[in-house]
A.B. asks: 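My structure is below; once you've seen it, I'll send some questions.
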Amino acid sequence: MIAHLTHWGAFVASTDGESLTSVRPWPGDPDPTPLIDNVASAQHHSARISQPHVRRGWLEHGPGTPGRGRDTYVPVSWETVLDLLAEELRRVYRDHGPDAVYGSSYGWASAGRFHHAQSQLHRFLNTLGGYVRHVGSYSLGTAHTFLPHVIGDAIWLMDRSTSHEVLADQTELIVAFGGISPKNSVTSPGGVTRHNTRSWVSAARANGCRFVSVSPLRDDTPAEAQAEWLAPRPGTDAAAQLALAFVLDQEGLADKEFLDRYTVGFDRFADYLRGVTDGVPKTPEWAEPITGLPATRLRELARQMAASRTLVTVSWSMQRIQHGEQPMWLGIVLAAMLGQFGLPGGGFGFGYGSVGGVGRPMRSHSVPVLPQGVNGSEQFIPVARIADMLLNPGAEYDFNGERRRYPDIKLVYWAGGNPFHHHQDLARLREAFDRTDTVVVHDPFWSATTRHADIVIPSTMSIERDDFGAGQGDTRFLPMPALTAPHGSARDDYDTFTELAGRLDVAKEFTEGRTSGEWLRHLYQEWQDRTTELGHDYPGFDSFMTGDGIELPVLDAKQVSLADFRADPDAHPLRTPSGRIEIHSETIAGFGYQDCQGHPMWREPDEWLGSPRAADFPFHLVANQPKARLHSQLDIGAHSASTKIDGREPVRMHPADAEAAGLTAGSIVRLHNEHGSCLAGLVLSEDVRRGVLQLSTGAWYDPDPRDPSFCRGGNPNVLTTDRPSSQLSQACTGQHALVAIEAFAGPLPPSGVHHPPVDR
Ligand SMILES: Nc1nc2c(c(=O)[nH]1)N[C@H]1C(S)=C(S)[C@@H](COP(=O)(O)OP(=O)(O)OC[C@H]3O[C@@H](n4cnc5c(=O)[nH]c(N)nc54)[C@H](O)[C@@H]3O)O[C@H]1N2
Ligand SMILES: Nc1nc2c(c(=O)[nH]1)N[C@H]1C(S)=C(S)[C@@H](COP(=O)(O)OP(=O)(O)OC[C@H]3O[C@@H](n4cnc5c(=O)[nH]c(N)nc54)[C@H](O)[C@@H]3O)O[C@H]1N2
Ligand SMILES: [Mo]
């Protein structure tokens, strides 16, 4: 039995050299996840890519030939594809330079530090002169840009989250906007070895902590929490938070000393809260018709929050919407008014439950990574502006106080990500992809993005190569020796880049003379030298690779967020312009944006049930992360496939809504709006708020051959809008869309994504 690490957990497997013959949870995992069952069943699926391919139109007519997503593919040899690709890279770098290459390659790829596909690609493109990069992420795009203005960098803040142990011990009330999701915390970038969400939540509950889960879905917080479920209309949390703040202010429950010493700008905000600036006091009675939450309950909750050791926590989903700054900002303001920042178990949390790492104490040292080199291009875009960039080269846009211009991209290069999974309004993304000369994709699978590529490079899966890895915030550093041979002629991304680098005369720069095996040994050795200096005694590389991993020490198991800031805000200022929590931000106010102003406020989004569009599209779709897989990864795997209805992604709906619409459980339905439509299998559940539909992301985009805006498999991104969170953040808002739903009458169309798009 050999251990292996995935983003969603570690497992041990038996193997016959070609396939995994059995997969079991890693013995150290107290609460393993069925997601590990997706791996073995996907490895040799017909949707795996077994050799390089080139899109027919591109092969026959050259770069710039449209037809991506509609053409078939021609299988070619490795020699042929590497020669073609090297020649095309030479042409583009020679004629257009690195500012014409979009190589940012957003995506999660696989666990394992050395073979991390995006790092490999970045290192390779840097040897050629560089590439247009992205800033931010789909996960945290709004937070990355916005939080530094008001409290500090998002990752910095989350690394310092109060530990689960302290919450379980000290917290009396957890008010969780967006819940503390047991389905999301099974994953973390790089992996989670010991799943602990249900256990720390149970411990807190046993200790008397009460949970209030504010969310359209009851199961966004584990059953163990026995949470009170408050289900606002999606997208209206800011109004509920304002009402809570109003009561704290009105009833003298706000901690004035804390506000004076640790924050700036409360007075400006208070004028808005009290209605001085706009004549509208943000009372619970004001919030009730917006949110659908009873005013009496909001008033009482505010009092309970003031009377308890209270954690206000906000999930990442809350900022993946239009005006996503506001609920994060108001979560911080509420916690500041309660005055419990830096106290054990109190204050503000961001992302508890969103990934498994939040709330794990910081490790005392990091794990090895591949150096990426230096990027010769200064160009970047906020990550979710990809379609805008490809459709509008040279156009101007706002971002975080700057007026920027989109570059003119000739070549798009992806390894380890799936934009036709992660981006919004996929029919528009297809148009955007058709504007470039060349699209290159490395992937183990015929993913939706591979099916929009010109040059298709088959990659190994992580089980097919030697590596090592540790998840963000996880304390187990595991060896990941190869479990099987590669599928077909698939190659490690590193080996593909090595071959290309040879053809482009940068072999020495890219490889530094090392094979992948030699890199692993080298990176480990460097790490061991560094940690030895710090006084640790870890095994040598060979014993590490045959052992069961290293337990990494943490700095402080009883970590408390911003305790140092509370102790001495002058000695430990926040990394904000004022060094304090900014309830009013002069910086943001100075940008002069309409859609994100100097202090938090309630702003009506375009996608919400209060919009006039709800007359035509009466359901609020929550397009959240999938429970049965990570994003689009291994959607064909056994566990993910077992959740489908007639091969379509499940959509959840309240039984009373279904009855009113004449829809029956287990039937195939069609969701639609102005952008597109998709099929899904109907699941009825009282865990869903009335007026809400939940269709998770990640079903493989399976466009109807005549209509790319119709997805036969149930990908919600044919329905979402490619609208930024704000001029400030320009982030992804894929979480929400207004839709209509109806029974699907026609014969079920076949799936188009389970077989290679190759001429037969
Ligand atoms: N509507 C809506 N859309 C969303 C979201 C939402 O909330 N709502 N959430 C967004 C978020 S937060 C995220 S992070 C994104 C996720 O978007 P992505 O990270 O792009 O999604 P993945 O499915 O993880 O894509 C990873 C790809 O890498 C491939 N891969 C795995 N290992 C390797 C490897 O070793 N080498 C190579 N070359 N390829 C490999 C996989 O097969 C897969 O195709 O989606 C976003 N999209
Ligand atoms: N199993 C699994 N786990 C994952 C992932 C995965 O693909 N699969 N992806 C990982 C990644 S990349 C990321 S970024 C994180 C994302 O972590 P999150 O962004 O926190 O995850 P989501 O599932 O998108 O959203 C969490 C919940 O927020 C609720 N919600 C949506 N809109 C609203 C609203 O307006 N108000 C309130 N109060 N609640 C709302 C939804 O009911 C949803 O279930 O998850 C990670 N974890
Ligand atoms: Mo994400």
Side-chain angles (χ1 to χ4, degrees), residues 7-8 33 35 42 105-112 115-118 120-121 137-141 176-189 213-220 230-237 240 314-321 327 351-356 384 414-424 441-445 447-450 457-462 464-465 492-493 496 605 608 620-635 688-689 692 694-698 700 715-717 719-720 732-737:
H7 293 304
W8 45 92
T33 157
L35 268 68
S105 188
Y106 181 77
W108 271 54
S110 289
H115 288 288
H116 183 243
Q118 198 187 93
Q120 292 284 351
L121 174 62
S137 64
Y138 279 76
S139 318
L140 288 164
F177 294 92
I180 298 175
S181 172
K183 78 173 166 57
N184 291 331
S185 56
V186 301
T187 77
S188 235
S213 182
V214 185
S215 164
L217 306 177
R218 192 201 306 266
D219 46 12
D220 275 334
L230 295 184
R233 280 166 151 182
T236 67
D237 298 77
V314 175
S315 70
W316 295 359
S317 56
M318 306 282 310
Q319 48 89 65
R320 211 174 304 111
I321 59 175
Y352 284 103
S354 292
V355 284
W414 233 285
N418 188 356
F420 282 85
H421 157 76
H422 63 233
H423 199 60
Q424 287 56 62
V441 178
H442 295 205
D443 205 289
F445 292 92
S447 70
T449 301
T450 342
I457 302 288
S459 301
T460 49
M461 287 173 74
S462 63
E464 298 164 349
R465 57 200 183 209
D492 296 351
D493 296 313
T496 302
W608 77 299
H620 192 117
L621 177 70
V622 170
N624 62 353
Q625 306 288 17
K627 187 175 179 189
R629 59 183 172 266
L630 174 72
H631 314 139
S632 70
Q633 294 198 34
L634 314 182
D635 185 33
V688 180
R689 185 195 194 278
V692 167
Q694 180 233 330
L695 175 65
S696 292
T697 62
W700 286 4
N715 187 318
N717 277 327
L719 301 164
T720 52
C732 162
T733 62
Q735 184 80 195
H736 290 172

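Any value given below was found using the heavy atoms of this structure, including those in side chains, with hydrogens, waters and symmetry copies removed. Start at 1 and go down the list; that is how both ligands and their atoms are numbered.
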A.B. asks: Does F445 reach the side chain of M461, with side-chain heavy atoms less than 4.5 Å apart?
C.D. replies: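 Yes - at least one pair of side-chain heavy atoms lies under 4.5 Å apart.
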A.B. asks: Could you check atom 21 (O) of ligand 2 against the protein and tell me its nearest heavy-atom contact, residue, atom and distance included?
C.D. replies: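 Going by distance alone, atom 21 (O) of ligand 2 is nearest to N184 ND2, 2.7 Å.
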A.B. asks: Heavy-atom distances under 4.0 Å decide this one: backbone, side chain, both or neither, for A117 against ligand 1?
C.D. replies: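 Looking at A117 and ligand 1, just side chain atoms fall under 4.0 Å.
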A.B. asks: Considering only non-hydrogen protein atoms, determine which one is nearest to atom 25 (O) of ligand 2 and report residue, atom name and distance to 0.1 Å.
C.D. replies: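 In this structure, atom 25 (O) of ligand 2 has S317 CB, 3.1 Å as its nearest protein heavy atom.
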A.B. asks: Give the contacting part of S354 toward ligand 2: side chain, backbone, both or neither, where contact means a heavy-atom distance below 4.0 Å.
C.D. replies: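 Looking at S354 and ligand 2, atoms from backbone and side chain both fall under 4.0 Å.
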A.B. asks: Could you tell me whether ligand 2 has any atom less than 4.0 Å away from a heavy atom of W108?
C.D. replies: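 True for this residue.
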A.B. asks: Does ligand 2 have any atom that is closer than 4.0 Å to a heavy atom of G179?
C.D. replies: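 Flag not set, G179 not near ligand 2.
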A.B. asks: Quick check for you: to the nearest 0.5 Å, what is the distance between T697 atom OG1 and H631 atom NE2?
C.D. replies: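 So the OG1 of T697 and the NE2 of H631 are separated by 6.5 Å.
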A.B. asks: Out of H7, Q694, H631, who is nearest to atom 12 (S) of ligand 2 when you count heavy atoms only?
C.D. replies: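 Nearest option to atom 12 (S) of ligand 2, by heavy atoms: H631.
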A.B. asks: Check whether the side chains of N624 and S696 place a donor and an acceptor atom closer than 3.5 Å, and report yes or no.
C.D. replies: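 Yes, because at least one side-chain N or O of N624 sits under 3.5 Å from a partner of the opposite role on S696.
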A.B. asks: Using a plain distance cutoff, I'd like to know if S447 has any nitrogen or oxygen under 3.5 Å from a nitrogen or oxygen of ligand 1.
C.D. replies: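 For ligand 1, there is no N or O atom that lies under 3.5 Å from one belonging to S447.
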A.B. asks: With heavy atoms under 4.0 Å as the rule, classify the contact between M461 and ligand 1 as side chain, backbone, both or neither.
C.D. replies: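 It is neither part, as no heavy atom is under 4.0 Å.
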A.B. asks: Just by distance, do the side chain of Q424 and the backbone of Q735 share a donor-acceptor pair under 3.5 Å?
C.D. replies: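 Absent.
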A.B. asks: Relative to atom 33 (C) of ligand 2, which among H736, R233, Q633, Q625 owns the nearest non-hydrogen atom?
C.D. replies: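 Heavy atom nearest to atom 33 (C) of ligand 2 belongs to H736.
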A.B. asks: Can you pull out the closest protein heavy atom to atom 4 (C) of ligand 2? Residue, atom name and distance to 0.1 Å, please.
C.D. replies: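 Checking every protein heavy atom, the shortest distance to atom 4 (C) of ligand 2 gives T187 OG1, 3.2 Å.
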A.B. asks: Testing the 3.5 Å rule here: is there a donor-acceptor pair between the side chains of T449 and S447?
C.D. replies: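 Per modelled atom types, T449 and S447 side chains form no pair under 3.5 Å.
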A.B. asks: Would T697 count as being in polar contact with ligand 1, using the rule that some N or O on each side must be under 3.5 angstrom apart?
C.D. replies: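 Between T697 and ligand 1, no N or O pair is found under 3.5 Å apart.
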A.B. asks: What protein heavy atom lies closest to atom 16 (C) of ligand 2? Include the residue and the distance to one decimal.
C.D. replies: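 Result for atom 16 (C) of ligand 2: R320 NH2, 3.5 Å.
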A.B. asks: What do we get for I457 next to ligand 1 when only non-hydrogen atoms under 4.0 Å count, side chain, backbone, both or neither?
C.D. replies: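 Neither part.
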A.B. asks: Is G107 close to ligand 1, meaning an N/O of one under 3.5 Å from an N/O of the other?
C.D. replies: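 No, since none of the N or O atoms of G107 sits under 3.5 Å from an N or O of ligand 1.
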A.B. asks: With no hydrogens and no angle check, is any side-chain donor or acceptor of S315 less than 3.5 Å from a backbone partner on G179?
C.D. replies: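 No; judged by distance alone, with no hydrogens or angles, the pair does not exist.
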A.B. asks: So, does P716 sit close enough to ligand 1 that a heavy atom of it is under 4.0 Å from the ligand?
C.D. replies: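 Not so, P716 does not reach ligand 1.
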A.B. asks: Using a 4.0 Å heavy-atom threshold (strictly under), name the region of P626 that reaches ligand 2: side chain, backbone, both or neither.
C.D. replies: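 Answer for P626: both.
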A.B. asks: Should W414 be listed as contacting ligand 1, given a heavy-atom distance under 4.0 Å as the test?
C.D. replies: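 So W414 does not count as touching ligand 1.
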A.B. asks: Can you tell which part of S139 has a heavy atom less than 4.0 Å from ligand 1: side chain, backbone, both or neither?
C.D. replies: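 Both backbone and side chain.
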A.B. asks: Who's the nearest protein heavy-atom neighbour of atom 43 (C) of ligand 2, and how far?
C.D. replies: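 Checked against all protein heavy atoms, atom 43 (C) of ligand 2 sits closest to D220 OD2, 3.4 Å.
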A.B. asks: Going by distance only, is there an N or O of H115 that falls short of 3.5 Å from an N or O of ligand 1?
C.D. replies: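 In fact, backbone or side chain, H115 has no N or O that close.
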A.B. asks: Using distance alone, decide if ligand 1 has a nitrogen or oxygen within less than 3.5 Å of any nitrogen or oxygen in D443.
C.D. replies: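 Between D443 and ligand 1 (N or O atoms, distance only) the closest approach is under 3.5 Å.
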A.B. asks: Note the single closest protein heavy atom to atom 34 (C) of ligand 2, along with its residue, its atom name and the distance in Å.
C.D. replies: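 Result: D237 OD1, 3.4 Å.
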A.B. asks: Is N418 touching ligand 1 with its side chain, its backbone, both, or neither, if touching means heavy atoms under 4.0 Å apart?
C.D. replies: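 It is both parts that get close, each with some atom under 4.0 Å.
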A.B. asks: Return yes when N624 approaches ligand 1 closer than 4.0 angstrom through a heavy atom, no otherwise.
C.D. replies: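 Judged by the 4.0 Å heavy-atom criterion, N624 does not count as contacting ligand 1.
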A.B. asks: Provide, to 0.1 Å, the distance between atom 8 (N) of ligand 1 and the closest protein heavy atom, together with that atom's residue and name.
C.D. replies: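 Protein heavy atom at minimum distance: A623 O, 2.9 Å.
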A.B. asks: Determine yes or no for a side-chain-to-main-chain donor-acceptor pair under 3.5 angstrom, with D220 supplying the side chain and S215 the backbone.
C.D. replies: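 No, D220 side chain to S215 backbone: no donor-acceptor pair under 3.5 Å.
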A.B. asks: Please report which non-hydrogen protein atom sits nearest to atom 35 (O) of ligand 2, along with the residue it belongs to and the distance in Å to one decimal place.
C.D. replies: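 For atom 35 (O) of ligand 2, the nearest protein heavy atom comes out as G235 N, 2.8 Å.
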A.B. asks: Take every heavy atom of P216, measure it against each atom of ligand 2, and state whether any distance is under 4.0 Å.
C.D. replies: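 The answer is yes, since P216 has a heavy atom less than 4.0 Å from ligand 2.
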